[in-house]
Structure formats: structure tokens, C-alpha cells
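Okay, so here's the structure we're looking at.
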There are 2 protein chains.
Amino acid sequence: MLRTNLTFLSFIERLCETNNESNITLRTFAAGFRFVKQGEKIRNIYIIKDGISKCFISEENGKDFIIEFLGKGEVVGELEVIKKIDCLCNVATISEVTAFVIPDHIFMALTEKNSEFTRLLLQELSTRIIQTSSRASFQQLYTLEYGLLKLLKLQSDEQISISKEDMAAYLGISVRSFNRTLQQIKAKNQDQSLIILLERLG
Amino acid sequence: MLRTNLTFLSFIERLCETNNESNITLRTFAAGFRFVKQGEKIRNIYIIKDGISKCFISEENGKDFIIEFLGKGEVVGELEVIKKIDCLCNVATISEVTAFVIPDHIFMALTEKNSEFTRLLLQELSTRIIQTSSRASFQQLYTLEYGLLKLLKLQSDEQISISKEDMAAYLGISVRSFNRTLQQIKAKNQDQSLIILLERLG
DNA sequence: GTTAAGAAAGGACAATTGTCCCGATTGAAA
DNA sequence: TTTCAATCGGGACAATTGTCCTTTCTTAAC
């Protein structure tokens, strides 16, 4: 649920070191800041160095769907640059986030000239397709209770804490359903590792 | 709903012509044949030259989810080769399908040495992420009736006809729900272009 | 034409989920 | 400490969806 790509991150860090006068910069955003806005143009891509963000689509009916939580090494905006389109998603920070900022033309040049970069990018895009497809299938075909249980376990494993609203948006359900299902899980849960997390969620 | 990539197809066709002794071959599969099996190893990638296939995940609870319908120019198996993993999905033909078959090592060599190929592949993978994410969001956040209506319109526009079972699997619902929702749409429909299709579906 | 078997459609009921709203809780200001 | 407002949780009901099973339709054999 929290996607990361440490290989990609260290590649970018090396690139910055060797390439001092490059146009790659670092920026820090406060928690809760929406640094990419759906529907707008984008001129930079971002690679998260630290912190957690959420990438989400706001539908016309007012509901939000969280595509993924993004951690270290995850890229934002590259699809839009590759396809030359406006932003598909919003991206907002959950914690404070520091990110490398790469102008679109530099990014495109990298995809054309740096074969290691391209290789890593193909890996990243492939992983994303795999995860997105698998999740879509899982969320459509299993019960909410099973899906939420899986989500809680992932959170527990990864030692992160996501708000209820965000978990509901990730599962594509209302907060009401989320709370209801949480009670069911609490009533049944035998898993020691989840008790702390369930306690925190009330 | 029927993804195609004519640019990619013509690139491969040109590649075959110029590169006669290459290891790229053509194969034809009868309708209904499952040519990629979830969980198995894969040694070739396929590029559809003609016909329609479906790419679907079979979940452990016995349900299937159709990731996408694949038409001309769509690639199958490249994620598995890039990530060196077993097949995530099944791929089965719906009509008779003719496909280019490219051995994994040839495919990988192309991604490393042919920058035009890599560029097209990045485009293809990006498109897929965009479509998969948008659809996941849409299907989670809108009503079934709205989703099915959209699906029917797409089918009508693209002049293709998909079985009820496949449409239900694409929407991630039971055939019972599909039928029920179809009746609701029929009762309300004002759209001339859908009448023929709705008639065919009974 | 009749019959039987299998497939498809739909009725009935149960389970799930969303919406609306009220009561409880929290936190800040007085 | 009290009070008020804002947020959060959950009850009640409606709508949606799945499961199970019966009915209807199709088709092939006689």
C-alpha cells in the first residue's frame, strides 16, 4: 500500500551528485499540501526523497479515490510528461515531504539518453501496472472486511499510520462503511499485531 | 475498453520486414484459447496483430476480473519479462487472434538497444497505468448503472460485442447484478445508438 | 412436432453499503 | 470550569448487490 523505490531514489541521488550544475533541485512541502493538482498542466516531475504522499483522483460526484500512498523513491508526474497531458490526479503530502524536482525536458532527455534511467523507469511503471491491476481486481472481488483486514495488516507491517478518511478513500468506500467494518474486525480479531493499531483507531 | 496501439503494431511490422532472420514469428490462436496462464512462467511476449483477447485475473475465491480487452497492437507478457515474474493474468482469445511472438531475450534486447522501441513501450505502459487507475476509481465510486451504461456506449462506439459474462467480469459483478442493471437501463434508455445493442442483449 | 438436457433469466431473500441525521466527544475560547 | 462549535461515531432506513433456486428458453435428438 505504501509504494517505494529505493533503487530509483539512489539513482537520482547519484545523478545529482555527479551532475552538480544540473537543473535538478530539492523542495520541501509541509504536511497536507497539495503539490500536484488534477486537471492542471505540470512542468516538473517529482521524486520523493522523504515523507509520505497520497495520489488521488477526485471524481465529478465529489468522491475521492486514493490510487496509492507514495514513499521514498516514488515518481510523480512522469505519466503526464510522457503522454503530454494534464494532471490525472492530485498529489498531496501526508507528512512533510522532501522531493527532487526535475523539469519535464530534463526528464524526457533522461528517458532518451540514459539507458540506466530508462531501465529503472520501465521497472517502476511495470510495478505500478501490476499493483494497480491486482488491487483493482482484489477490491472488486473480495468483501470489504477482507480488504480492510489486508490494509490494516499492511499498515501494521509498514509501521505507518493513515487516517480513517484516507483508508476509506483508498478502499473506495464511505467512512460510515469503514467504521462499521472496523467494528466487525475488532470483534473477531485474534491477531496480536493488529491490536495496537485497532486500539488507536478507536 | 478495447485497448489498441496501432503505432506499436506498425513498428513491429516494420521491424519484422527489415529484420528477416529475426526470431519474431507469427502465431494464430482459435477463439476461446487461453494462451497465457496465470502463475506459469512465460518465455515469449505477444503482440496482437489481429483479433480480440481478454486479460483477466482469477482470484482464489473463484471469481474472475477482466483487466482489459486487448486489440491490435497490444502487448502481452512484457510486465512478466521486465520484472522476471510468473504470469499475473490469464490471457484468452475472444475471436480468432493472430499475434507476433517475440522471445523474452529478444524483447529485453529491444528495450535496451532500440530507443524507438523503448519510447513506444514507455508510452504503452503509461497509457495502461492511466487507464487502469482511472477505471479503478470510476468503478469504485460510481453506481453500477452508470458504469454499465458507459461500458455499453463504448461497445456501441467501437462496434464490438462482448458476452454478458465478460461484461460482468469486466465490471467485477455477478451476472445476476448485470442482468438486473441491464433491465433498469433498458427501461430508461433514450439513446438511439444503444437500442440495437440492448436488443441483442435480450 | 415432442421431449429432454443444459443454459440463461429472473424471483426471493439475505447481506452489504450508502445516506441522513442525531447524540457523543473533543478542543478552543471565555 | 463552562460553553460553544466542530468533528466523529453510530443508529435507522433505503438502496444495492450477491446467493440460491425456480422458471424459461434453446437446441439437439428422436
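Just so it is clear, the model here is predicted, and its values are computed rather than measured.
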So does A:Arg176 reach the base of D:dG11 with its side chain, donor to acceptor, closer than 3.5 Å?
yes
Distance-only donor-acceptor check, side chains A:Asn90 and A:Gln38, under 3.5 Å:
yes
Output the rounded distance in Å from CD (B:Glu165) to C1' (C:dA9).
11 Å
Output yes when at least one side-chain N/O atom of B:Lys63 is less than 4.0 Å from OP1 or OP2 of D:dT19, else no.
yes
Most 5' of B:Leu201 and A:Gln184 on DNA chain C, judged by nearest nucleotide
B:Leu201
Interatomic distance where CD belongs to B:Glu145 and C1' belongs to C:dT17 [whole Å]:
17 Å
Atom-to-atom span, CG of B:Leu141 to C1' of D:dT16 - whole angstrom:
16 Å
Nearest to the side chain of A:Arg180, which nucleotide is it out of D:dT19, C:dT19, D:dC8?
C:dT19
Could you pick out which residue, A:Asn179 or A:Gln140, lies toward the 5' side of DNA chain D when each is mapped onto its nearest nucleotide?
A:Asn179
I need the CD1-C1' distance between B:Ile185 and D:dT16, as an integer number of Å.
14 Å
Of B:Phe178 and A:Gln183, the one whose closest DNA chain D nucleotide lies more 5'
A:Gln183
Within the structure provided, determine whether A:Ile85 and B:Ile130 are in side-chain contact (heavy-atom separation under 4.5 Å).
yes
Could you check how far OH of A:Tyr146 sits from P of C:dT17, rounded to whole Å?
15 Å
Name all residues meeting the ring-ring contact (aromatic ring centres under 6.0 Å, His included) criterion together with A:Phe65; count only those two or more places apart in sequence or in a different chain, and write none if there are none.
none
Check the distance between C:dT16's P and B:Leu144's CG and give it to me in whole angstrom.
18 Å
Given atom CD1 of A:Ile173 and atom P of C:dT16, what is their separation to the nearest angstrom?
13 Å
If the condition is side chain to side chain donor-acceptor pair (under 3.5 Å), which residues does B:Glu165 pass it with, not counting sequence neighbours?
none
